[in-house]
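Per chain, numbering begins at 1; letters A, B, ... match sequence-line order.
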Number of protein chains: 2
Amino acid sequence: MRTMYRKKMMQAKNKDPAAQDQKAQLSKRLRAAGLRVTEPRLALARLLFTDGNHHVTAETLHKQVQAAGLSISLATIYNSLHQFMEAGFLRQIVVDANHSYFDTNISPHHHFFITDENRLIDIPADDITITNLPAIPDGLEMKRVDVIIRVNNAPAPAE
Amino acid sequence: MRTMYRKKMMQAKNKDPAAQDQKAQLSKRLRAAGLRVTEPRLALARLLFTDGNHHVTAETLHKQVQAAGLSISLATIYNSLHQFMEAGFLRQIVVDANHSYFDTNISPHHHFFITDENRLIDIPADDITITNLPAIPDGLEMKRVDVIIRVNNAPAPAE
DNA sequence: GATTTTTTTTAGAATTATTCTAAATAATCC
DNA sequence: GGATTATTTAGAATAATTCTAAAAAAAATC
């Protein structure tokens with residue numbers, strides 16, 4: 001990462017005690033997952049694991065990075081998303097055959113997918129009850145169950 | 001389509017009365033959907049809508065075409081899959097962020113997805129009971145509900 | 001702190017899946 | 001059979017993702 005200007009901005013901002021504590025916690029999680037603590041990883045972790053749950057694609061995360069005045073290559077973003085997923089920090093959600101979505105909420109849950117906006121909304125697992133699951137075919141074992149409810153914008157009612 | 005040899009084979013095979021009846025039925029469906037009846041469309045329709053339900057990607061369908069000794073361009077296959085879907089003959093199933101799957105079973109149902117084999121198995125809608133669906137967020141309307149149960153090969157039990 | 005080692009990041013190339021395009025071909029209508 | 005319209009085609013283009021070699025950064029060692 002070459003942009004010293006942006007690096008200094010980050011370092012200044014990170015002198016804040018709360019920020020330093022967050023950095024310490026994120027660093028701990030990264031090390032626990034066998035990942036080196038690097039500036040790009042910390043920056044991505046902050047964007048992903050702050051202010052509640054998020055759904056991102058590589059592209060939307062890249063835009064958030066740029067909006068935050070940072071500079072991280074797209075390749076690093078793809079790389080990091082996959083490493084965070086393998087570390088168990090993220091879950092992949094498949095709702096579009098041409099984009100990979102990643103969810104910071106790793107507990108079992110389901111989703112609304114708003115097709116007009118390519119946007120996901122979490123549905124808590126308890127809000128959907130699935131009974132009467134079919135028998136798993138022989139020789140196979142269940143990995144995970146996803147319920148995707150595709151919705152679109154309702155047409156405005158006629159005046 | 002230039003391969004006269006293959007074309008003659010098809011035409012010879014299609015003299016069979018059952019085949020001619022099938023061709024007439026498929027032609028009727030194509031016309032009803034506003035699609036011209038062409039050799040490639042008939043050939044793809046036969047592969048898709050014969051012998052029960054199928055799940056295909058463009059690539060797997062292309063291979064079936066070649067295995068049947070036919071020659072249809074990959075662009076035509078993509079084109080036709082989308083036209084059949086828009087005509088209501090196929091449903092798209094999203095289980096992988098890098099491939100589009102198409103299902104000839106257009107009635108409401110769900111799927112097992114065998115991740116080791118990239119293969120789908122239908123689950124009849126009645127085999128899964130979803131109760132307690134959450135309220136649709138304001139301004140949105142439901143399009144469709146998909147349940148995907150991801151499974152993989154079970155490890156062989158230790159001897 | 002400097003050096004060495006290892007890992008990561010990077011920019012751009014490469015790959016893969018899908019879509020686009022202009023020209024040729026085929027289907028339909030007359 | 002000719003005219004018109006739609007489709008097919010091969011290959012280019014696009015988009016999303018992965019790969020690569022070199023540079024940079026992080027960690028370990030001294």
Between [options], which one does the side chain of [X] approach most closely?
X       : options                : answer
A:His99 : C:dT18, D:dA16, C:dT28 : D:dA16
A:Glu59 : C:dA27, D:dA16, C:dT28 : D:dA16
A:Thr38 : C:dT9, D:dA27, C:dT28  : C:dT9
A:Thr76 : C:dT8, C:dT10, D:dT8   : C:dT10

Does [X] reach the side chain of [Y], with side-chain heavy atoms less than 4.5 Å apart?
X       : Y        : answer
B:Leu30 : B:Leu42  : yes
A:Phe84 : A:Thr104 : no
B:Arg29 : B:Phe49  : yes

When you measure from the side-chain N and O atoms of A:Tyr78 to the phosphate of D:dT17, is any distance below 4.0 Å, counting only OP1 and OP2? yes
Closest-nucleotide mapping onto DNA chain D: is A:Ser100 or A:Leu35 further toward the 5' terminus? I mean the 5' end. A:Ser100
Please figure out whether B:Ala97 or A:Arg31 has its closest DNA chain D nucleotide nearer the 5' end. B:Ala97
Residue pair B:Ala58/A:Leu74 against DNA chain C: nearer the 5' end by closest nucleotide is A:Leu74
Has the side chain of A:Arg36 got a donor or acceptor that lies under 3.5 Å from a partner of the other kind on the base of D:dA27? no
Integer-rounded Å distance: [N] [atom2] and [X] [atom1]:
X        : N      : atom1 : atom2 : answer
A:Ile72  : C:dG12 : CD1   : P     : 18 Å
B:Ile77  : D:dA10 : CD1   : P     : 11 Å
A:Arg41  : C:dT7  : CZ    : P     : 11 Å
B:Leu30  : C:dA27 : CG    : P     : 12 Å
A:Asn118 : D:dA15 : CG    : P     : 15 Å
B:Lys63  : C:dA17 : NZ    : C1'   : 13 Å
A:Leu70  : C:dT9  : CG    : C1'   : 15 Å
A:Gln92  : D:dT17 : CD    : P     : 9 Å

What parts of residues 79-90 of chain A reach DNA chain C, counting only heavy atoms under 4.0 Å away? none
Between B:Phe102 and B:His82 (judged by ring centroids, cut-off 6.0 Å), do the two rings come close enough to count as a pair? yes
Sub-3.5 Å donor-acceptor pair from the side chain of A:Asp103 to the main-chain atoms of A:Ile93, do we have one? no
Under a plain distance cut-off of 3.5 Å, with no hydrogens placed, do A:His110 and A:Asp146 share a side-chain donor-acceptor pair? no
Within 6.0 angstrom of A:Lys143 NZ, more than 12 heavy atoms from elsewhere: yes
